[in-house]
Participant: 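There's a structure below that I have some questions on.
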Amino acid sequence: MNTEVATFLVSGSGPKPYQVEFVKDGGGLKAYCNCLAGSHGSHCKHRINILVGDSNGIVSDVDDKFGLIADWLSGTGLESALEEFLSAQKEKPQDKTRVTKAKKVISRYMR
């Protein structure tokens, strides 16, 4: 099985950047971040931003691996979880139960 890794440094609230790592292993994709939320197994905006194609917070070189993230995401369970999370936030942000459930599902894929 071929494992590929893409690592980025992203700006956070403190002076030291966070490390976000995506691991493509077979048909799955995992995303890790060493920010407080990511370290506790919760979803975090750093991973979400990169998954949706936003490179604005990246402080390391944005290399060709950034462009691969969308390809790696395609067809994975993480892609479905991300779509539900974004839909829950956009369509019914007042539906806290749906948003909370979507956060929990996406968090499972990011461990």
Side-chain angles (χ1 to χ4, degrees):
M1 194 175 303
N2 189 20
T3 301
E4 296 181 74
V5 178
T7 304
F8 306 94
L9 295 177
V10 298
S11 60
S13 55
K16 185 177 177 186
Y18 299 120
Q19 182 174 318
V20 178
E21 183 175 81
F22 295 90
V23 180
K24 171 79 168 137
D25 193 6
L29 177 63
K30 297 285 186 183
Y32 306 96
C33 183
N34 66 348
C35 72
L36 187 58
S39 296
H40 287 114
S42 300
H43 88 291
C44 78
K45 63 184 177 183
H46 310 108
R47 293 176 287 184
I48 299 291
N49 290 345
I50 293 172
L51 286 169
V52 300
D54 182 357
S55 64
N56 289 327
I58 299 174
V59 295
S60 57
D61 288 336
V62 179
D63 58 18
D64 58 335
K65 294 269 184 174
F66 179 77
L68 289 176
I69 298 300
D71 292 337
W72 292 357
L73 181 64
S74 182
T76 65
L78 178 54
E79 180 183 40
S80 299
L82 178 63
E83 288 171 358
E84 170 58 20
F85 171 72
L86 295 173
S87 174
Q89 277 196 315
K90 182 179 179 182
E91 293 176 15
K92 300 189 185 235
Q94 70 279 7
D95 185 351
K96 302 244 186 262
T97 302
R98 182 177 176 207
V99 172
T100 299
K101 182 179 177 185
K103 284 181 179 179
K104 287 180 181 178
V105 171
I106 200 167
S107 294
R108 283 196 295 264
Y109 284 99
M110 293 192 183
R111 294 184 195 170

Participant: Not counting sequence neighbours, list each pair that qualifies as a ring-ring contact (aromatic ring centres under 6.0 Å, His included) and has a residue in residues 32-61.
Facilitator: Y18-H46, H43-F85
Participant: Distance from K30 atom NZ to R47 atom CZ, nearest 0.5 Å?
Facilitator: 11.0 Å
Participant: Report, one line per pair, each donor and acceptor closer than 3.5 Å where one atom sits in a side chain of residues 59-75; sequence neighbours left out.
Facilitator:
residue, atom, partner, partner atom, Å
S60, OG, L9, N, 3.0
D63, OD1, K65, N, 3.0
K65, NZ, V5, O, 3.3

Participant: By side-chain hydrogen bond (donor to acceptor under 3.5 Å, both in side chains), which residues pair with D54, not counting sequence neighbours?
Facilitator: N56
Participant: Quick check: do V20 and N49 have side-chain heavy atoms less than 4.5 Å from each other?
Facilitator: no
Participant: At what distance, to the nearest 0.5 angstrom, does CG of L29 lie from CD of E4?
Facilitator: 10.5 Å
Participant: Does any pair with a residue in residues 73-86 pass salt bridge (Lys or Arg N to Asp or Glu O under 4.0 Å), and if so which ones, sequence neighbours excluded?
Facilitator: E84-R98
Participant: Taking the side chain as every heavy atom from C-beta outward, state whether V52 and L82 have any atom pair closer than 4.5 Å.
Facilitator: yes
Participant: Evaluate the side-chain hydrogen bond (donor to acceptor under 3.5 Å, both in side chains) criterion for residues S39 and N34: first the C-alpha distance (whole Å), next the side-chain angles of each, then the deciding distance (0.1 Å), finally the verdict.
Facilitator: CA-CA 5 Å; S39 296; N34 66 348; over 6 Å; no
Participant: Could you report the tightest heavy-atom contact between S42 and S107, atom names first, then the distance?
Facilitator: C-OG, 3.3 Å
Participant: Evaluate the side-chain proximity of I106 to L78: yes if any heavy-atom separation is below 4.5 Å, no if none is.
Facilitator: yes
Participant: When clusters are formed by joining ILVMFWY residues with side-chain heavy atoms under 4.5 Å apart, either directly or through shared neighbours, do L51 and V105 land in the same one?
Facilitator: yes
Participant: Could you tell me the separation between the CZ atom of F8 and the CD1 atom of I50, rounded to the nearest 0.5 Å?
Facilitator: 5.5 Å
Participant: Within this structure, what is the SG-CD distance for the pair C33 and E21, rounded to the nearest 0.5 Å?
Facilitator: 10.5 Å
Participant: Treating K24 as the side-chain partner and G26 as the backbone partner, does any N or O pair qualify as donor plus acceptor under 3.5 Å?
Facilitator: yes
